[in-house]
Structures are given as C-alpha cells and as structure tokens.
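Here is the structure we will look at, set down as structure tokens.
In what follows, every heavy atom counts, from backbone to side chain, and hydrogens, waters and symmetry copies are set aside.
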Amino acid sequence: MLSAVDHVQLAAPPGSEDRLRAYYTYVLGMTEVPKPPVLAARGGCWFAAGPVQLHLGVEEDFRPARKAHPGLRVTGIEAYARRLQERGARVVWDDDLPGHRRFYSEDPVGNRIEFLEERGPQPPA
C-alpha cells in the first residue's frame, strides 16, 4: 500500500548544479541533502525542507517541465511569495483553485513549481 510520496524528481541540464543550489537553498530556503556516492557521480542535487524532498537529475536532452510540476504546500504564502520576489524569482498568482491561495514560479532552468496554501473557511458573501 502507498503511504507517502518519498520525493519528486525534476530534470536539469548538465552543469546547472550551482544555479540549482543557489535557487533551492537561497531562494526557496531548502537544505541540500548529500546524494549517495554512487548516485552523486551522475550529477544533479537533492534538496529537502521538512518531509518535502526534491531531486534534480541531470538529463542530457533536457527540456524544462512547463506543465508537469510539483505542488508544494506552504504556510504564510504572501510572505513566502515576497521572499521569492526579493530574491529575483518570478511569481505568478493563480486564483482558480477553490479554497486555496496559490502561485507558480520557475527554477533557474525553467521547471515550473506550484506553491499553495489552503484558505480557512470563508464567510458567506
């Protein structure tokens, strides 16, 4: 039986690890997770924030994921969006998911990432 998502993997072009490290640690506030040596030889890098893990794997014929994406839950979404913008990331708000506040951004190699926060109960209009 499935019990949880262990990680989400995104692709990245060869040689992009330093840009990915800067984005995922400085911009998003994640921590780099050391890869096992046998996997580290393949390139790429892994990041975590609490139970959330994102793995970036090198793909020779890389094309960024523009539609497929991880959806990451955040707390304090307005402040988090400001953090990203202050660090140079583009934030695109989307109000189409009922009961949630959300925005999209892209990592430095063009992969789409969704950030969302559940809204509390809304008073009747």
Side-chain angles (χ1 to χ4, degrees):
M1 296 239 184
L2 296 175
S3 63
V5 172
D6 183 77
H7 68 276
V8 172
Q9 178 150 335
L10 296 171
S16 63
E17 288 88 350
D18 287 342
R19 290 186 294 148
L20 296 169
R21 284 184 181 100
Y23 177 80
Y24 285 94
T25 60
Y26 175 68
V27 177
L28 297 190
M30 300 182 85
T31 301
E32 186 168 3
V33 175
K35 292 179 70 173
V38 69
L39 298 177
R42 300 176 188 173
C45 32
W46 295 357
F47 302 94
V52 176
Q53 282 203 31
L54 294 177
H55 294 181
L56 282 293
V58 170
E59 192 170 275
E60 290 297 326
D61 188 23
F62 170 74
R63 277 176 265 129
R66 300 215 184 271
K67 183 70 174 175
H69 62 274
L72 305 177
R73 290 197 179 268
V74 299
T75 56
I77 196 164
E78 300 286 339
Y80 195 69
R82 278 193 305 278
R83 172 195 173 99
L84 270 64
Q85 290 174 315
E86 290 168 357
R87 289 167 169 77
R90 186 169 160 240
V91 168
V92 178
W93 288 98
D94 180 324
D95 294 322
D96 291 339
L97 182 62
H100 293 81
R101 187 87 172 107
R102 72 176 175 173
F103 67 86
Y104 293 95
S105 192
E106 291 180 352
D107 72 10
V109 299
N111 290 313
R112 181 182 194 191
I113 304 173
E114 177 181 350
F115 301 89
L116 63 159
E117 182 175 44
E118 199 167 6
R119 291 183 184 173
Q122 300 297 306

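Applying the side chain to side chain donor-acceptor pair (under 3.5 Å) criterion to His69, with sequence neighbours excluded, gives Glu114. Looking at residues two or more places apart in sequence or on another chain, you find a side chain to side chain donor-acceptor pair (under 3.5 Å) between Tyr24 and Asp107.
Side-chain contact check for Leu56 versus Phe47: some heavy-atom pair is nearer than 4.5 Å. Annotation: side chain of Asn111 is not in contact with side chain of Tyr23 (no heavy-atom distance under 4.5 Å).
Scanning all heavy atoms of the two residues, the minimum distance from Gly43 to Val58 falls at C-CG2, 3.8 Å. Heavy atoms only, all atoms of each residue included: Phe115 and Ser105 are closest at CE1-CB, 3.9 Å. Contact record, Val91 with Ala81: CG2-O, 3.7 Å, taken as the closest heavy-atom pair. Counting all heavy atoms, side chain and backbone alike, Leu116 lies closest to Gly71 at CD2-C, 4.0 Å.
Residues Met30 and Tyr80 fall within the same hydrophobic cluster, defined by Ile, Leu, Val, Met, Phe, Trp and Tyr side chains chained together at heavy-atom separations under 4.5 Å.
Annotation: salt bridge (Lys or Arg N to Asp or Glu O under 4.0 Å) contacts involving residues 16-29, sequence neighbours excluded, comprise Asp18-Arg21, Arg21-Glu32.
When each of His100, Arg101, Arg119, Glu118 is checked for a side chain to side chain contact (heavy atoms under 4.5 Å, CB included) with Ile77, only Arg101 meets the rule.
With hydrogens and angles disregarded, a donor-acceptor distance shorter than 3.5 Å links the side chain of Arg83 to the backbone of Val27.
Rounded to the nearest 0.5 Å, atoms CD1 (Ile113) and CG (Leu10) are 6.5 Å apart.
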